There are 2 protein chains.
Amino acid sequence: MISDKIYRHKQNILYGVSLALLLFLLKWLELRFIIIDHIFEIYAGAIALIFTALGIWLALKLTKPKITTVVVEKEVFLHTSDFHFNKEEQERLGLSNRELEVLQLIALGLSNQEIAERLFVSVNTIKTHSSRLFEKMEVKSRTQAAEKAKRMRLIP
Amino acid sequence: MISDKIYRHKQNILYGVSLALLLFLLKWLELRFIIIDHIFEIYAGAIALIFTALGIWLALKLTKPKITTVVVEKEVFLHTSDFHFNKEEQERLGLSNRELEVLQLIALGLSNQEIAERLFVSVNTIKTHSSRLFEKMEVKSRTQAAEKAKRMRLIP
DNA sequence: GTAAATATCACCCGAAAGTATGATCTGAAT
DNA sequence: ATTCAGATCATACTTTCGGGTGATATTTAC
């Protein structure tokens with residue numbers, strides 16, 4: 001049995017355990033004295049650590065965050081195909097809607113007679129409109145009017 | 001004489017000076033012991049101050065700045081540069097260079113008279129050119145010609 | 001309501017645009 | 001040398017354009 005062996009070697013075990021305890025005590029005392037001998041350095045190190053952390057915390061909490069602004073230019077390509085009517089230009093020139101309508105048909109290359117037929121009015125009316133049109137646009141012919149209208153985005 | 005007076009009070013002066021020195025020594029010893037008594041606290045305070053400063057410095061030096069990215073959209077217009085003369089169309093219509101020249105001036109809105117002056121020829125010549133032009137382009141007026149020429153990329 | 005702006009139409013006239021036809025002249029191709 | 005395309009010019013004629021003037025509805029703004 002195992003208990004029999006223990007009993008037989010009782011004294012040996014007791015001696016061994018006592019020796020182990022003594023060694024442990026000695027080691028513990030040694031460590032204790034090391035700590036006591038260096039208590040000041042340890043304390044100082046702890047203070048250093050704590051106050052470094054405090055300093056970091058203070059700096060992070062109390063300073064304004066650093067902000068670096070990076071400006072990235074992004075090129076946007078605009079195509080002429082998407083035509084946007086220039087209402088401002090119409091108002092600037094003081095063109096009425098009817099006059100603009102006539103202008104658009106002139107730019108398509110229609111004659112006064114054709115425009116009159118399309119709008120169900122007389123040629124004389126179209127002449128009056130176009131005259132006022134040229135006056136307001138400061139041009140002297142229908143071809144110039146068409147050219148200028150395209151430049152000013154009054155027509156596509 | 002002054003030296004006489006000093007000689008006469010020699011002992012008094014010696015006593016006074018001795019007393020003053022003694023008091024000074026006592027005060028010095030007192031201050032020394034105060035410092036020695038509190039040497040640990042002073043040292044700890046100094047460490048705390050130094051390492052707080054270190055922490056602040058570390059935090060300021062080593063933190064990454066916040067990066068704010070601002071995207072600025074830069075508009076790039078292509079319409080002025082995207083014109084490529086349509087030589088094929090000119091050849092398909094059978095337009096001569098002179099006719100094309102006249103066509104371009106017509107599209108600018110110039111009158112026959114103005115075109116004639118610019119090209120140093122007579123109005124009749126311009127009329128001949130424009131007539132042949134309209135015939136080849138299958139249009140009936142200068143305004144139509146200008147419109148069609150722009151559509152066909154014969155002019156910008 | 002009245003005034004101002006807009007849209008409509010008419011008539012006249014001169015200028016410009018466009019058509020038709022024909023005539024040189026030149027340079028390049030055959 | 002001849003042919004052919006392109007450029008030039010002219011004359012005659014028709015059509016369209018654009019300016020000028022005036023008149024009448026219609027709508028919009030105050």
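So that the names make sense, note that chain A is the first sequence line, chain B the second, and so on, each numbered from 1. These figures come from a predicted structure and were not determined experimentally.
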Exercise. Whole-Å distance between dG18(D) C1' and Glu138(A) CD?
Worked result: 17 Å
For this session: Might you confirm whether atom CZ of Arg132(A) has over 12 heavy atoms from other residues, nucleotides or ligands at distances under 6.0 Å?
Result: no
Exercise. Can any side-chain N or O of Lys136(A) pair as donor or acceptor with the backbone N or O of Gly94(A) at less than 3.5 Å?
Worked result: yes
For this session: Starting from the first five and the last five pairs of the helix from dG1(C)-dC30(D) to dT30(C)-dA1(D), work out the angle between the resulting helix axes, to 10 degrees.
Result: 50°
Exercise. Okay, side chain of Glu114(A), backbone of Ser111(A): is any donor-acceptor separation there less than 3.5 Å?
Worked result: yes
For this session: Decide salt bridge (charged side-chain N to carboxylate O under 4.0 Å, His left out) for Glu147(A) and Arg151(A); before the verdict, give the C-alpha distance in whole Å, the side-chain angles of both, and the deciding distance to 0.1 Å.
Result: CA-CA 6 Å; Glu147(A) 197 274 336; Arg151(A) 272 216 326 274; 2.8 Å; yes
For this session: Could you tell me the separation between the CG atom of Leu133(A) and the P atom of dC17(D), rounded to a whole number of Å?
Result: 14 Å
For this session: Send over the distance from Glu117(A) CD to dT16(D) P, rounded to a whole Å.
Result: 11 Å
Problem set entry | Donor + acceptor pair across side chains of Thr125(A), Thr128(A) (<3.5 Å) | no
Exercise. Judged by atom type as modelled, is there a donor-acceptor pair below 3.5 Å linking the side chain of Gln144(A) to the main-chain atoms of Lys140(A)?
Worked result: yes
For this session: Check the pair Leu154(B), Leu95(B) against side-chain contact (heavy atoms from CB on, under 4.5 Å), reporting the backbone distance first and the verdict last.
Result: CA-CA 11 Å; Leu154(B) 291 170; Leu95(B) 300 185; 4.3 Å; yes
Exercise. How many Å lie between CG on Leu100(B) and P on dG6(D), as a whole number?
Worked result: 13 Å
Problem set entry | Reading 5' to 3' through nucleotides 6-19 of chain C, protein heavy-atom contacts under 4.0 Å coded B for base, S for sugar-phosphate only, - for none | SSBBBB-----BBB
Seminar exercise, completed: 5' to 3', nucleotides 24-30 of chain C under a 4.0 Å protein heavy-atom cut-off (B base, S sugar-phosphate only, - none) gives -------
Problem set entry | Test log, rule side-chain contact (heavy atoms from CB on, under 4.5 Å), inputs Asn97(A) and Glu101(A) | CA-CA 6 Å; Asn97(A) 289 334; Glu101(A) 209 176 350; over 6 Å; no
For this session: Ignoring hydrogens and angles, tell me if any N or O in the side chain of Glu91(A) forms a donor-acceptor pair with the backbone of Glu88(A) under 3.5 Å.
Result: no
Seminar exercise, completed: side-chain contact (heavy atoms from CB on, under 4.5 Å) test vs Leu103(A) passes for just one of Arg142(A), Lys148(A), Met137(A), namely Met137(A)
